[in-house]
Amino acid sequence: MATAKPRVKLPDKATKGEVITIKTLVSHPMESGQRKDRKTGEKIPRMIINKFTATFNGQQVFGANIEPAVSANPYLEFTMKVEESGKFEFVWVDDAGTTYKTEKGIEVTG
Amino acid sequence: MISRREFLQVSVATGALLGTAGSGAWTALAARQGLMSEAELLAFPEFGNVTLVHLTDIHAQLKPIFFREPSINIGVGEAAGKPPHVTGKEFLELYKIEPGSPEAFALTYEDFAALAKTYGRMGGIDRIATVLKSIRADREGRVLFLDGGDTWQGSYTSLKTQGADMVEVMNHLEPDAMTAHWEFTFGIDRVREIVDNLPFAFLGQNIFDNEWDEPAFEAYKMFERGGSKIAVIGQAFPYLPIANPRWMFPKLSFGIREQNVQQNVDAARAAGADVVVLLSHNGFDVDRKLASRVTGIDVILTGHTHDAIPEPVIVDKTLLVASGSHGKFLSRLDLDVRDGQVKGYKYKLIPIFSDVITPDKSMTELVDKVRAPYEAELKTVVGKADTLLYRRGNFNGTFDDLICDALLSEREADIALSPGFRWGTSVLPGQDITVEDIYNATGMTYPAAYRSEMTGARLKEILEDVADNLFNPDPYYQQGGDMVRVGGMGYAIDVSQTIGNRISDMTLLKSGEPIDPQKTYIVAGWASVAEATEGPPIWDVVTSYIKRVGTVQGKPNQSVLVKA
Amino acid sequence: MELNRREILALSGGSIACFALGVSAVSTPALASATDERIKAFAGDAELREGRISLTAPEIAENGNTVPIEVKVESPMTKDDYVSEVMVLADGNPMPGVITFLFSPMSGEATATTRIRLATTQNVIAVAKMSNGSVFMEKKNVKVTIGGCGG
């Protein structure tokens, strides 16, 4: 079973109304289901991260439905306009239904 | 015959930015037919307040060399028929250069072997040092000296010292900034080690870490010269991870990144730059397109494609300078900068005639010092050249014919492939071929000469792919090398076609039979970008072959038919 | 160095030539209709319009296994007028689907970047759906080379 280690990069602080950039990476082989085992000739079953969501103070701000053509260790970069301090939660879900989560707070001033 | 120390005047191209430069610069001088000395070769009228000096693609050549310019350099799309895609007689006519003159020898292939005997070798870092010193004395506080890259690779000593010889010598010349290409083939750890201790800027706005997509090197640096602020933006070779082994710098991403160029230009202007210079290793056609799309660049100091053009090419308001390769030329561009604008320029592509320009003593000593441990090996004679050995040309060169012959013979292959590199010096008819000469054409960090099986279909696919890297009408898809050299097989090419349709009539030369797409052939080659390629280093293969044949007898290569 | 006969005739192991294949050369692209069907399913009856999308990708992929692409759609990104989804397709892959970005007015900008697999030279297609149901489309051709030897 795949193990996934999520990492995120976003500023610790921002000013109210600022559009910040959020970068996320999760280590995952993204087995496409297209490859064949060299020895047995059998198809290697698909096992990918198929869904990503980013929520802020409980509200979804960004998400992605992911298909096998996304590279191993899926990278996603997106933006958010911050209006208040709070907490981000990032969730990745794979084909087995396993979820991988990480959180990060941001302090918004002004 | 004129004496070795008397040469024709090399004139200064001059112009206002909005006017066309025309091709009149070298005209005046060629018309004058005056004879000259070192002082005249360096003469430059007082003009403006900023001087850019550009050296690029020296490929680790510390000593004066012979380097024959190409006879075939086809331009496609909008570049067709425009410099640098003008060669030989047409080049001489375009720039009004007298056949047989020193400029003709320096800038074209016409009568190369004969003229080489008259005019001697070109380049030599100690001669470059003299020219640079003279410019700096003339223009105190106004000079920026910029190195366009491909500096650390291309010789026996640079290979043995992993570029340390070039770093030491270049540090002595005190550049203000450099960008890079082959530097990265020493591996990222070596590049970091050198750059961390470099007393000048190593710039690359298009080098990013491929994990977080963040800049891996400084994008630009601001300088103040002659009372003006000059931003120099670095642009490394965009296709390093494709044209060279990606595994040597696995965490870096390059690319042209045109939008990022614009952002850096805008940032430099916002920071008060009066002049914006792109120190580029894009290749000339890529830079010509870039200049037409990015606004606010005053000067692009081009590199990579090894073109020497005696006048700047002007695209909109951007001056494109092409300073040649292997230390044959040094470009001097004087700018009149006032009110945050470039008002005019004067330019000279200074040919480094090694017999005319006095070597700088301290640099000669340094070069001797870095070469001393290897001098005996460098001088070792392996064989003799009966005909001129050179590399440049879109489809073949006699040095590559030699390499292909060596691969076919020493590895008992049906077909040989040798990459279309543009670096490598020339050997004159009658000269000895030394170890140094062999490494000048082969010295690099992934030299394994592989021996492999390929189907005819695969060979076609390779030729089509490389041809598209050279002849795609959109310059942004061009990688700047020449066509892969092929031994043992002939083919026809129609450069005006699209990928998959350019190559035809592939023929196995030893049997005269057409290449069968289904059939498997034994192919030998070198410089694979794949990690852990097996095989002896190419210089051993070439050395062993030359030792066996003794004298290398080049034949005109007629195995590639170019369809118009 | 002298090569002995066994060494001369040995075939090199590993991948060959100047030319390392980034990805398998043998992959069958999806039928053109598969791409069209995905677009139709996404856009519904809305007309496919040009403009508003900028799709950034390298001219030539450095590595077909991981090609960075960025989609940016012009939009005020307010509660009443925003980009709701952008679907990315690759028309030369065995299956055209790549990713669908889901934006919200809180996104501030309709911009997203990811890295994708491209089996061969092909078009990357971005289709953006606005909160009012209108749909825009943009394409960019990315070349996947078998590796040159330039320089």
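Being a predicted model, the structure only gives us computed values, none of them experimental. In what follows, chains are A, B, ... by sequence order, proteins preceding strands, each numbered from 1.
For chain C, the nearby part of Gln59(A) is the side chain; its heavy atoms alone come within less than 4.5 Å. If you measure heavy-atom distances from Pro74(A) to chain C, you find no contacts under 4.5 Å at all. For Ala72(A), the parts lying under 4.5 angstrom from a heavy atom of chain C are both the backbone and the side chain. Residue Val67(C) touches chain A through its backbone alone, counting heavy-atom pairs closer than 4.5 Å. Only the side chain of Val19(A) comes within less than 4.5 Å of a heavy atom in chain C; its backbone stays farther off.
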Using distance only, find each side-chain donor-acceptor pair of residues 43-58 of chain C under 3.5 Å and give its atom names and separation, not counting sequence neighbours.
residue	atom	partner	partner atom	Å
Arg52(C)	NE	Glu74(C)	O	3.1
Arg52(C)	NH2	Glu74(C)	O	3.1

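Aromatic rings of Phe103(C) and Tyr82(C) (six-membered ring for Trp) have centroids beyond the 6.0 Å cut-off, not under it.
By the ring pair (Phe, Tyr, Trp, His ring centres under 6.0 Å) test, Phe42(C) pairs with no residue at all, sequence neighbours left out. Legend: residues meeting side chain to side chain donor-acceptor pair (under 3.5 Å) with Glu85(C), ordered by chain and number and at least two apart, are absent.
Between Thr78(C) and Asp80(C), the side chains place no donor N or O within less than 3.5 Å of an acceptor N or O (distance only, hydrogens not considered).
Between Thr66(C) and Tyr75(A) the shortest side-chain heavy-atom distance does not fall below 4.5 Å. In this structure, Val124(C) and Leu89(C) have side chains that are not in contact, with every pair of non-hydrogen atoms separated by 4.5 Å or more. Side-chain contact between Phe101(C) and Thr111(C): absent, with no pair of heavy atoms (C-beta onward) separated by less than 4.5 Å.
Put simply, of Met87(C), Met77(C), Glu70(C), Arg38(C), the one with the most heavy-atom pairs under 4.5 Å next to chain A is Arg38(C). Highest contact tally toward chain A, considering only Ala110(C), Ser107(C), Pro105(C), Gly108(C), is held by Ser107(C) [criterion: heavy-atom pairs under 4.5 Å]. The most heavy-atom pairs under 4.5 Å with chain C, out of Gly17(A), Gly63(A), Ala64(A), come from Gly63(A).
When the heavy atoms of residues 30-37 of chain A are compared with those of chain C, the residues falling under 4.5 Å are Met30(A), Ser32(A), Gln34(A), listed by number.
Ring geometry for Phe88(A) against Phe56(A) counts as tilted: the plane angle lies between 30° and 60°, on a 0 to 90° scale.
Judged purely by atom type and a 3.5 angstrom limit, Thr99(A) has no side-chain atom pairing as donor or acceptor with the backbone of Trp92(A).
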